Amino acid sequence: MNQTEILTVQDIIKLVSTFYSKVQDDELLAPIFNAVIQENWEKHLEKMIRFWQTVLLEEHTYFGSPFPPHSRLPITSLHFERWVSIFNQNIDEHFTGAKAEESKWRASKMAQLFQTKIAYHQKFETDALF
């Protein structure tokens, strides 16, 4: 295993490309991602590179709000658990050091936040029906 620290945009590219390659092969996550992203994987990966570059390297190349595209996805806690598990496995496989640990922490917190917000939106929409 050749682990490196996350220090440059090249490391972020490796992080994103190896992670989403695993997501695309995952029996639980692939159908959700592929249905939404369809043939736009290159564009999605570029956006994710900018996101993680901004978050981990503090090089502000991502401008946007990551939650709205996820707000209406048909996903549950099981999907988030799998996403975090694959993310952490990918980091441990390829990276070491403080930024690697930070990335796992941030991914976990992001998953928790998104899951909470999605549950709120789903409850709000259900309550609005009655």
Side-chain angles (χ1 to χ4, degrees):
M1 226 184 285
N2 188 14
Q3 293 176 303
T4 60
E5 292 197 38
I6 301 171
L7 302 173
T8 69
V9 71
Q10 290 307 119
D11 299 323
I12 299 295
I13 291 168
K14 180 178 178 181
L15 181 161
V16 169
S17 63
T18 55
F19 170 65
Y20 281 101
S21 175
K22 290 174 174 63
V23 166
Q24 287 179 291
D25 290 336
D26 185 77
E27 64 186 32
L28 179 65
L29 298 180
I32 302 286
F33 277 84
N34 290 327
V36 173
I37 296 171
Q38 299 175 3
E39 71 279 350
N40 298 311
W41 272 100
E42 185 176 332
K43 183 177 177 183
H44 181 70
L45 295 178
E46 289 170 3
K47 186 181 286 188
M48 293 302 93
I49 290 165
R50 290 192 310 274
F51 175 82
W52 286 106
Q53 181 181 7
T54 298
V55 169
L56 294 176
L57 302 181
E58 298 179 22
E59 297 172 1
H60 299 281
T61 58
Y62 176 83
F63 301 95
S65 181
F67 178 70
H70 300 85
S71 65
R72 296 189 185 273
L73 293 178
I75 50 181
T76 66
S77 60
L78 189 61
H79 295 93
F80 282 102
E81 290 168 14
R82 180 75 60 87
W83 186 90
V84 169
S85 175
I86 293 170
F87 189 91
N88 289 344
Q89 290 170 0
N90 187 63
I91 292 296
D92 291 341
E93 182 180 335
H94 296 285
F95 300 101
T96 189
K99 293 290 182 186
E101 293 305 311
E102 179 185 349
S103 72
K104 292 191 295 187
W105 179 82
R106 287 185 180 272
S108 175
K109 291 299 176 190
M110 187 172 21
Q112 289 174 1
L113 177 62
F114 279 24
Q115 189 171 350
T116 299
K117 289 175 83 170
I118 287 171
Y120 172 80
H121 283 280
Q122 289 171 344
K123 180 182 180 344
F124 179 75
E125 289 174 0
T126 300
D127 289 350
L129 296 174
F130 300 102

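Keep in mind it's a predicted model, so treat the numbers as computed, not measured.
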Drop me the distance from [X]'s [atom1] to [Y]'s [atom2], to the nearest 0.5 angstrom.
{"X": "S103", "Y": "F19", "atom1": "OG", "atom2": "CZ", "answer": "10.5 Å"}
{"X": "T76", "Y": "I32", "atom1": "OG1", "atom2": "CD1", "answer": "8.5 Å"}
{"X": "L15", "Y": "F95", "atom1": "CG", "atom2": "CZ", "answer": "5.0 Å"}
{"X": "E81", "Y": "L28", "atom1": "CD", "atom2": "CG", "answer": "10.0 Å"}
{"X": "S108", "Y": "L113", "atom1": "OG", "atom2": "CG", "answer": "11.0 Å"}
{"X": "W41", "Y": "S17", "atom1": "CH2", "atom2": "OG", "answer": "12.0 Å"}

[X] side chain vs [Y] backbone, donor-acceptor pair below 3.5 Å:
{"X": "D26", "Y": "L29", "answer": "yes"}
{"X": "T61", "Y": "R50", "answer": "yes"}
{"X": "Q3", "Y": "D92", "answer": "yes"}

Check: [Y] and [X] side chains under 4.5 Å, non-hydrogen atoms:
{"X": "W52", "Y": "Y62", "answer": "no"}
{"X": "I75", "Y": "I118", "answer": "yes"}
{"X": "K99", "Y": "E102", "answer": "yes"}
{"X": "N90", "Y": "H94", "answer": "yes"}

Notebook entry, point to check: L7, F51: one ILVMFWY side-chain cluster at the under-4.5 Å cut-off?
Noted result: no

Next item on the list: Just do the side-chain contact (heavy atoms from CB on, under 4.5 Å) check on N34 and Q24 with the steps written out, would you?
Entry: CA-CA 7 Å; N34 290 327; Q24 287 179 291; 4.3 Å; yes

Note to self: Before you tell me yes or no, could you show the steps for L57 and I12 under side-chain contact (heavy atoms from CB on, under 4.5 Å), namely the whole-Å CA-CA distance, both residues' side-chain angles and the distance that decides it to 0.1 Å?
What the structure shows: CA-CA 9 Å; L57 302 181; I12 299 295; 3.7 Å; yes

Item checked: H44 and Y20 aromatic ring geometry - parallel, tilted or perpendicular at 30°/60° bounds ->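 The rings of Y20 and H44 stand perpendicular, inter-plane angle above 60°.
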
Margin query: Under 6.0 Å from the ring centre and within 45 degrees of the ring axis: does the NZ or CZ of K22 meet both conditions for the six-membered ring of F87?
Written below: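 Not flagged: K22 not positioned over aromatic ring of F87.
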
Margin query: Could you check whether F33 and W83 have their ring centres less than 6.0 Å apart?
Written below: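 Ring centres of F33 and W83 not closer than 6.0 Å.
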
Note to self: Using the rule given for side-chain contact (heavy atoms from CB on, under 4.5 Å), can you reason through D11 versus E5, listing the C-alpha separation, both sets of side-chain angles and the distance that settles it, and then say yes or no?
What the structure shows: CA-CA 8 Å; D11 299 323; E5 292 197 38; 6.0 Å; no

Notebook entry, point to check: Salt bridge check: are E101 and K104 linked by an N-O gap of less than 4.0 Å?
Noted result: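 Between K104 and E101 there is a salt bridge, with a charged N closer than 4.0 Å to a carboxylate O.
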
Notebook entry, point to check: Salt bridge or not for E42 and K47, using N-O below 4.0 Å?
Noted result: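 Salt bridge between E42 and K47, a charged N being under 4.0 Å from a carboxylate O: no.
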
